[in-house]
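A short worksheet on the structure shown next.
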Amino acid sequence: MRTLLLFDLDGTLLKTNKTISERTNRVLKKCKSMGYLIGISTSRGEQNCLTFLKEIKPDILISSGGALIKYGDEYIYKNLFSKDRTKELIRTVRTVCGNDVEITVDTIDKHYWNYKIDPKKIDANWGDSIWTDYSDYSEESLKICAEIFEAENAIKLERRLTDCDMIRFSDGFWYKFTRKGVTKENAINMICEKCGIEVSNIIAFGDDYADIEMLKVAGIGIAMGNAIREVKEAADIIIDTNDNDGIAVYLEGYLQQ
C-alpha cells in the first residue's frame with residue numbers, strides 16, 4: 001500500500017517568502033521517485049496554489065479548503081455554493097459586517113476580490129485575481145472568505161450561516177466559509193474511499209486551525225515548529241519550522257528508517 005505525504009501550503013510547505021526551498025523540492029522528488037504519493041491540502045484555490053508547485057506536480061490536490069479534490073488529472077469531488085446562495089452569503093456578510101467588508105470568492109478557475117488595495121501590489125503571489133464589487137456577481141463558488149475584525153460579528157455569522165463550515169485563519173482576521181462538511185479531514189476520507197488509500201498510510205503536515213482535524217485523522221499528524229499551539233497539541237510529531245526546512249529534515253530522516 002502506497003504512502004501519501006499530504007502538505008498544507010502556507011506556513012507549512014511554503015516558507016514565509018512563499019517559496020519552496022531547493023532542499024524541500026529535492027527530497028519531495030526523491031519521495032516521488034520511491035513511490036510515495038505527494039498531496040497538497042490547502043485553502044488556496046487550485047490555479048493559485050499550482051503556481052507554487054512547478055517543480056513537483058502533486059498526485060492529489062485538495063484545494064479551497066476541501067471543496068475541490070483532484071486525483072491526477074481528474075476531479076473526484078466538487079462541492080459548490082449555487083449562484084443564488086453565493087449572492088445570499090455575500091449579502092449576509094455585508095449586512096452583519098458592513099458594506100465595506102473585504103471578501104474573496106473562489107470558483108473552480110478564478111479568484112475574485114474587492115480589496116481596497118490591490119493585493120498584487122503588496123504580494124505578487126496572489127496571482128491573477130479579479131477585482132469586483134460583487135454588484136453583478138453571478139457564479140457558483142467553492143469558498144468565500146471575509147475579513148471580520150469584530151468577534152461578535154463572526155459569532156453572528158456562524159449562527160446565521162448554518163449550512164456553512166466556518167473557520168478562522170490565525171495570521172489575521174480572515175474567516176473561511178465552505179459548504180457544511182467541506183473540510184480538509186473530510187477530503188481525506190473522500191480520497192481514501194475513491195483512491196484506495198488507507199488513512200493509516202497518510203502522513204499529514206500542517207500549521208493552522210484548518211489543519212487540526214486533518215492531523216488527527218491521518219496516520220501520522222505532523223505540526224510545523226511555527227504552528228499555532230492548538231495544532232501542536234493535536235499532532236503526533238512536531239518538527240522544525242517552515243523557514244528552517246522542517247519538512248525536508250524530517251523526510252530525509254524518515255527515508256533512512
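In what follows, every heavy atom counts, from backbone to side chain, and hydrogens, waters and symmetry copies are set aside. Everything numeric here is computed off the predicted structure, so don't read it as measured data.
For Asp243 (side chain) and Thr16 (main-chain N/O), a donor-acceptor pair under 3.5 Å exists by modelled atom type. Lys29 places no side-chain N or O within donor-acceptor distance of the main-chain N or O of Ile56, the cut-off being under 3.5 Å. Under the 3.5 Å distance criterion, the side-chain polar atoms of Arg2 are left unmatched by any main-chain donor or acceptor of Ile197. In this structure, Asn242 contributes its side chain and Leu14 its backbone to a donor-acceptor pair below 3.5 Å.
Side-chain atoms of Asn244 and Val249, non-hydrogen and from C-beta on, never get closer than 4.5 Å to each other. Side chains of Leu5 and Ile203 form a contact here, defined as non-hydrogen atoms less than 4.5 Å apart. Residues Thr3 and Cys31 are not in side-chain contact: their nearest non-hydrogen atoms beyond the backbone lie 4.5 Å or more apart. By the 4.5 Å heavy-atom criterion applied to side chains, Ile38 and Asp59 are counted as neighbours. You'll find the side chain of His111 stays beyond 4.5 Å of the side chain of Gln47, heavy atoms only. No side-chain heavy atom of Leu13 sits less than 4.5 Å from a side-chain heavy atom of Thr42. The shortest side-chain heavy-atom distance between Ile247 and Thr12 falls under the 4.5 Å cut-off.
Between Phe205 and Phe7, the two ring planes are parallel [angle under 30°; tilted spans 30° to 60°]. Note on ring orientation: taking the six-membered ring where Trp is involved, the planes of Tyr134 and Tyr137 are perpendicular (angle over 60°, cut-offs 30° and 60°).
A salt bridge is defined here as a Lys NZ or Arg NE, NH1 or NH2 lying under 4.0 Å from an Asp or Glu carboxylate O, and Glu252 with Lys30 fails to meet this definition. Salt-bridge annotation for Glu185 and Lys216: absent, with no side-chain N of the basic residue lying under 4.0 Å from a carboxylate O of the acidic one. Between Arg168 and Asp208 no salt bridge is recorded (no basic side-chain N to carboxylate O distance below 4.0 Å).
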- Message: Would Tyr175 and Glu158 count as a side chain to side chain donor-acceptor pair (under 3.5 Å) here? Give the steps.
- Response: CA-CA 10 Å; Tyr175 291 77; Glu158 188 169 26; over 6 Å; no

- Decide salt bridge (Lys or Arg N to Asp or Glu O under 4.0 Å) for Asp165 and Lys184; before the verdict, give the C-alpha distance in whole Å, the side-chain angles of both, and the deciding distance to 0.1 Å. CA-CA 11 Å; Asp165 266 306; Lys184 289 185 177 184; over 6 Å; no

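None of Lys78, Lys143, Arg44 except one satisfies the salt bridge (Lys or Arg N to Asp or Glu O under 4.0 Å) rule with Asp106; the exception is Lys143.
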